[in-house]
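Following: one structure in structure tokens, then a few remarks.
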Amino acid sequence: MINKFDSVLLAQKKFIYHYKNMRWAKGRHETYLCFVVKRRVGPNSLSFDFGHLRNRSGCHVELLFLRLLEAGALCPGLWGYGAPDSVGLCYSVTWFCSWSPCSDCSYRLAQFLSQTPNLRLRIYVSRLYFCDPEDSSAREGLRMLQRAGVQITVMNYEDYFYCWQTFVACRQRVFKAWDGLHQNSVQLARKLNDILQPGEAEDWGDAFELLGL
DNA sequence: ATTTTCAAT
């Protein structure tokens with residue numbers, strides 16, 4: 001018999017392996033996306049769905065998520081058609097992804113969101129995907145997502161803790177941080193901040209120059 | 001200092 005929670009929840013080892021935020025995440029040729037969907041009708045906001053996805057057959061996991069949205073599988077009534085009571089329906093999606101989106105996924109997500117103003121998306125990422133070169137298109141993609149109203153955040157201890165409780169078959173086992181989790185998270189958050197607020201460093205430089213420092 | 005990355009065999 002299929003138990004919902006055996007299929008919906010992630011195995012502990014899998015979660016740790018794929019979400020570890022080490023700088024050199026060797027061999028992670030998969031990307032996981034854990035999501036929570038909340039649905040708001042009027043003043044009430046309710047958790048509607050949750051689960052996880054993995055990239056498959058050359059398709060990035062973000063695009064799989066988009067496909068599910070387009071098929072009406074995750075946020076029914078998102079476009080207002082269907083039942084009359086779906087008018088004014090809002091959804092908010094929060095996802096936790098082991099990699100940040102590539103430029104193409106960012107572009108498609110931004111496009112999708114521009115057509116669905118009643119969908120809010122918040123993205124937490126464990127590691128930054130191809131973001132080392134300052135002029136990388138992945139960086140530009142993240143900025144585009146931000147302009148599309150997406151909040152992008154690097155996962156910290158509390159986020160991993162939350163994911164462990166929510167998406168992992170943890171069987172009462174408390175989440176145990178790996179070595180360097182906090183440091184890596186702080187470093188990645190700083191990098192993401194640089195990506196999303198370009199020019200700030202120069203502004204500081206200018207400020208120091210003005211102050212004669 | 002350098003290492004990897006939603007594979008390709």
Side-chain angles (χ1 to χ4, degrees), chain A residues 7-37 49-71 73-74 93-113 119 121-146 148 150-156 159-160 163-164 166-168 177-196 198:
Chain A
S7 58
V8 165
L9 297 181
L10 261 168
Q12 297 181 9
K13 281 181 182 170
K14 212 161 243 189
F15 176 79
I16 298 282
Y17 181 72
H18 286 284
Y19 278 86
K20 234 179 194 179
N21 63 355
M22 64 231 265
R23 178 133 173 75
W24 283 281
K26 204 171 185 172
R28 271 82 176 163
H29 296 300
E30 284 180 329
T31 296
Y32 280 79
L33 189 162
C34 296
F35 65 89
V36 175
V37 178
D49 202 359
F50 77 100
H52 71 267
L53 295 170
R54 194 194 79 194
N55 66 301
R56 275 170 201 284
S57 57
C59 183
H60 282 193
V61 72
E62 293 89 339
L63 298 186
L64 283 183
F65 193 92
L66 273 189
R67 278 190 203 169
L68 289 175
L69 278 178
E70 280 161 355
L74 283 172
V93 168
T94 302
W95 83 40
F96 301 85
C97 209
S98 51
W99 286 113
S100 61
C102 74
S103 57
D104 184 55
C105 288
S106 293
Y107 176 75
R108 298 214 210 172
L109 279 170
Q111 283 256 303
F112 186 89
L113 291 169
L119 172 66
L121 177 62
R122 220 171 355 167
I123 297 181
Y124 289 82
V125 302
S126 193
R127 298 180 302 267
L128 296 170
Y129 187 71
F130 281 112
C131 282
D132 281 345
E134 286 198 20
D135 59 349
S136 70
S137 55
R139 285 189 178 222
E140 187 48 44
L142 295 179
R143 286 191 284 269
M144 187 184 355
L145 270 183
Q146 188 183 45
V150 181
Q151 218 179 78
I152 313 167
T153 314
V154 166
M155 289 173 73
N156 63 19
D159 303 320
Y160 291 113
C163 282
W164 182 264
T166 308
F167 305 107
V168 177
W178 48 85
D179 284 346
L181 181 153
H182 178 67
Q183 275 184 316
N184 295 342
S185 173
V186 167
Q187 206 166 2
L188 286 165
R190 204 173 290 151
K191 187 164 169 180
L192 179 61
N193 192 51
D194 286 347
I195 293 169
L196 297 180

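To find a chain, count down the sequence lines: A is the first, B the second, and so on, and within it residues start at 1. All heavy atoms count here, side chains included; hydrogens, waters and symmetry mates do not.
- Aromatic ring pairs are classed by plane angle as parallel below 30°, tilted from 30° to 60° and perpendicular above 60°; the pair Tyr160(A) and Tyr19(A) is perpendicular.
- A perpendicular orientation is assigned to the rings of Phe65(A) and Phe35(A), their planes being inclined by more than 60° (bins at 30° and 60°).
- Distance Arg54(A) CZ to dA7(B) C1': 13 Å, rounded to the nearest Å.
- Checking dT4(B), dT5(B), dA7(B) against the side-chain heavy atoms of Trp24(A) singles out dT4(B) as nearest.
- For dC6(B), one of the phosphate oxygens OP1 or OP2 lies less than 4.0 angstrom from a side-chain nitrogen or oxygen of Tyr129(A).
- The NZ-P distance, from Lys20(A) to dT3(B), rounds to 21 Å in whole Å.
- The OH-P distance, from Tyr107(A) to dC6(B), rounds to 23 Å in whole Å.
- Distance His18(A) NE2 to dT5(B) C1': 13 Å, rounded to the nearest Å.
- Partners of Arg56(A) according to the side-chain hydrogen bond (donor to acceptor under 3.5 Å, both in side chains) rule, which considers only residues two or more places apart in sequence or in another chain, do not exist here.
- Distance Phe130(A) CZ to dT3(B) P: 13 Å, rounded to the nearest Å.
- Note on His29(A): every side-chain N or O is 4.0 Å or more away from OP1 and OP2 of dA8(B).
- Note on residues 95-109 of chain A: pairs passing salt bridge (Lys or Arg N to Asp or Glu O under 4.0 Å), not counting sequence neighbours, are Asp104(A)-Arg108(A).
- Remark: the separation of the P atoms in dT9(B) and dT5(B) is 15 Å, to the nearest Å.
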Would you please test Lys191(A) and Asp132(A) for side-chain contact (heavy atoms from CB on, under 4.5 Å) and show each step? CA-CA 9 Å; Lys191(A) 187 164 169 180; Asp132(A) 281 345; 2.4 Å; yes
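- Using a 4.0 Å heavy-atom criterion, one finds that Ser57(A) contacts no nucleic acid atom at all.
- Atom P of nucleotide dC6(B) and atom CZ of Phe96(A) are separated by 22 Å, given to the nearest angstrom.
- Protein atom CG of Asn21(A) is 16 Å distant from nucleotide atom P of dT5(B), rounded to whole Å.
- What separates CD of Glu30(A) from P of dT4(B) is a distance of 19 Å, to the nearest Å.
- Among the atoms of the strands shown, only primed sugar atoms or phosphate atoms (P, OP1, OP2) are found under 4.0 Å from some heavy atom of Arg28(A).
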